[in-house]
Amino acid sequence: MTDVYAAWAAGHALLLFIALPLLSGAGALLFARCYPGLSRRGRAACFALGTCASFALFLALARAVGRQSAVVEFDKALAGALSMSMPVPLLWLLSWFTYLGDRNFLTGVSMLMTLFLLWNRQWGLAVFCAVATGAGGALNWLLKHGFERIRPDHDHGYASVAGWSFPSGHSSAAMTVYGAACYLLWRLAPPAWRMPGIAILAALIMAIGLSRILLQVHFASDVLAGFAVSLGWLALCVAAARRWGASGDERQRLQ
């Protein structure tokens, strides 16, 4: 059965690459519209549920990969099917998307965001940005060297890779850096920019993750695990930033 699902996904690669980012952007937009209407307790519950669900998904995937389960069978079947069905123009397009999740590129983006916040004396948000992105990268490095999963084979020449496979570094870094950018947009951007910006960034995160699968440099579970662990970490950082910000507001009122 895994071969059937893998063959279907490989045969509809372009459709999935278009549809899933659009759905991600729409989902982020829906969340951003509904979130302000929640009570304070509802927002706390939302963060707690999202954090727990993200880490639980990562742990489930890690266990499945370690036990060579049906998840691993699907990963291998999908990678094999993709290697025989991906057209060259699509591989070329994917190579541009995957660059937007490159570690060096995202390190530069993170540094620019932090410097911008420091220039504007947003000290708390600058600390949030530096810690969320920097520690998120360190967490991915530790996990990769803890699992030491071998990458799928690929020989198309449209992506160069090194290191271990699980969890995906591109997916993890994209979720952390662009996810942090979503929070900064929500806090600082003019209201007219917030919704479009968040939707575009959410779609980009998904597109980067999919590019790693379709380029056959990561298994599907690598990408999903990278998304999950970084989303959980980012939720913790956002919750801490919100609490710190609320404490700062309270101190200002008491002075």
Side-chain angles (χ1 to χ4, degrees), residues 13-14 16-18 20-21 24-25 28 58 79 82-83 86 88-117 129-185 197-231 233-234 237:
L14 180 58
L16 291 173
F17 186 70
I18 295 172
L20 291 180
S24 297
F58 172 77
L82 288 171
S83 67
M86 293 295 291
V88 169
L90 181 54
L91 290 172
W92 177 83
L93 175 65
L94 294 170
S95 69
W96 285 96
F97 273 94
T98 205
Y99 175 75
L100 297 177
D102 178 76
R103 178 182 62 185
N104 294 331
F105 177 78
L106 287 180
T107 298
V109 172
S110 174
M111 292 177 64
L112 287 174
M113 290 195 302
T114 304
L115 289 173
F116 171 80
L117 293 167
C129 186
V131 171
T133 57
L139 176 61
N140 180 263
W141 186 90
L142 290 172
L143 291 171
K144 278 181 175 290
H145 286 77
F147 287 96
E148 295 187 347
R149 188 184 193 187
I150 303 296
R151 292 177 183 270
D153 293 328
H154 70 284
D155 58 2
H156 49 66
Y158 285 93
S160 58
V161 296
W164 304 109
S165 188
F166 184 91
S168 164
H170 276 63
S171 304
S172 180
M175 178 63 75
T176 304
V177 175
Y178 294 129
C182 285
Y183 179 64
L184 296 177
L185 275 175
I198 289 171
I200 290 171
L201 288 172
L204 179 60
I205 292 169
M206 177 59 71
I208 290 170
L210 288 173
S211 74
R212 304 304 284 173
I213 300 171
L214 299 180
L215 285 169
Q216 305 130 55
V217 293
H218 274 296
F219 294 111
S221 60
D222 298 337
V223 169
L224 188 56
F227 283 159
V229 72
S230 289
L231 181 59
W233 166 247
L234 186 62
C237 292

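It should be emphasised that the depicted structure is a prediction, and the values quoted were computed from it without experimental measurement. Reckoned from all heavy atoms, side chains included, excluding hydrogens, waters and symmetry mates. For this chain, numbers begin at 1 and follow the sequence in order.
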Decide yes or no for F116 and L112: does some side-chain heavy atom of the first lie under 4.5 Å from some side-chain heavy atom of the second?
no

Give every residue pair that meets the side chain to side chain donor-acceptor pair (under 3.5 Å) criterion with at least one member in residues 133-146, sequence neighbours excluded.
S110-T133

If you take all heavy atoms of R151 and G163, which pair is closest and at what distance?
NE-O, 3.1 Å

Atom of C129, atom of T114 and distance for their closest heavy-atom approach
SG-OG1, 3.5 Å

So, S171 side chain and S168 main chain: donor-acceptor pair closer than 3.5 Å or not?
no

According to salt bridge (charged side-chain N to carboxylate O under 4.0 Å, His left out), who are the partners of R149, at least two apart in sequence or on a separate chain?
D75, D222

All ring pair (Phe, Tyr, Trp, His ring centres under 6.0 Å) counterparts of F166, not counting sequence neighbours:
F58, F147

For atom CZ of R103, is the number of surrounding heavy atoms from other residues, nucleotides or ligands below 6.0 Å larger than 12?
no

Could you give all pairs that pass the salt bridge (charged side-chain N to carboxylate O under 4.0 Å, His left out) test and reach residues 162-183, with sequence neighbours left out?
none

Go through the structure and list residues passing ring pair (Phe, Tyr, Trp, His ring centres under 6.0 Å) with Y178, not counting sequence neighbours.
none

More than 12 foreign heavy atoms under 6.0 Å from CG of D153: is that the case here?
no

Using side-chain contact (heavy atoms from CB on, under 4.5 Å) as the criterion, list what pairs up with L14, not counting sequence neighbours.
I18, L90

For A181 and M113, work out which heavy atoms get closest and say how close.
CB-SD, 3.8 Å

Test F219 against S165 for side-chain contact (heavy atoms from CB on, under 4.5 Å), laying out the working first.
CA-CA 8 Å; F219 294 111; S165 188; 4.2 Å; yes

Decide yes or no for L117 and L184: does some side-chain heavy atom of the first lie under 4.5 Å from some side-chain heavy atom of the second?
yes

Could you report the tightest heavy-atom contact between L234 and A132, atom names first, then the distance?
CD1-CB, 4.4 Å

Test side-chain contact (heavy atoms from CB on, under 4.5 Å) on D102 and L106 and set out the steps.
CA-CA 6 Å; D102 178 76; L106 287 180; over 6 Å; no

Given the rule in the side-chain contact (heavy atoms from CB on, under 4.5 Å) test, do L143 and W164 qualify, once you have shown the distances and angles that lead to the verdict?
CA-CA 9 Å; L143 291 171; W164 304 109; over 6 Å; no

Solution key, residues 198-215 side-chain donor-acceptor pairs under 3.5 Å, sequence neighbours excluded:
| residue | atom | partner | partner atom | Å |
| --- | --- | --- | --- | --- |
| S211 | OG | T98 | OG1 | 3.4 |
| S211 | OG | I208 | O | 2.6 |
| R212 | NH1 | T98 | OG1 | 2.8 |

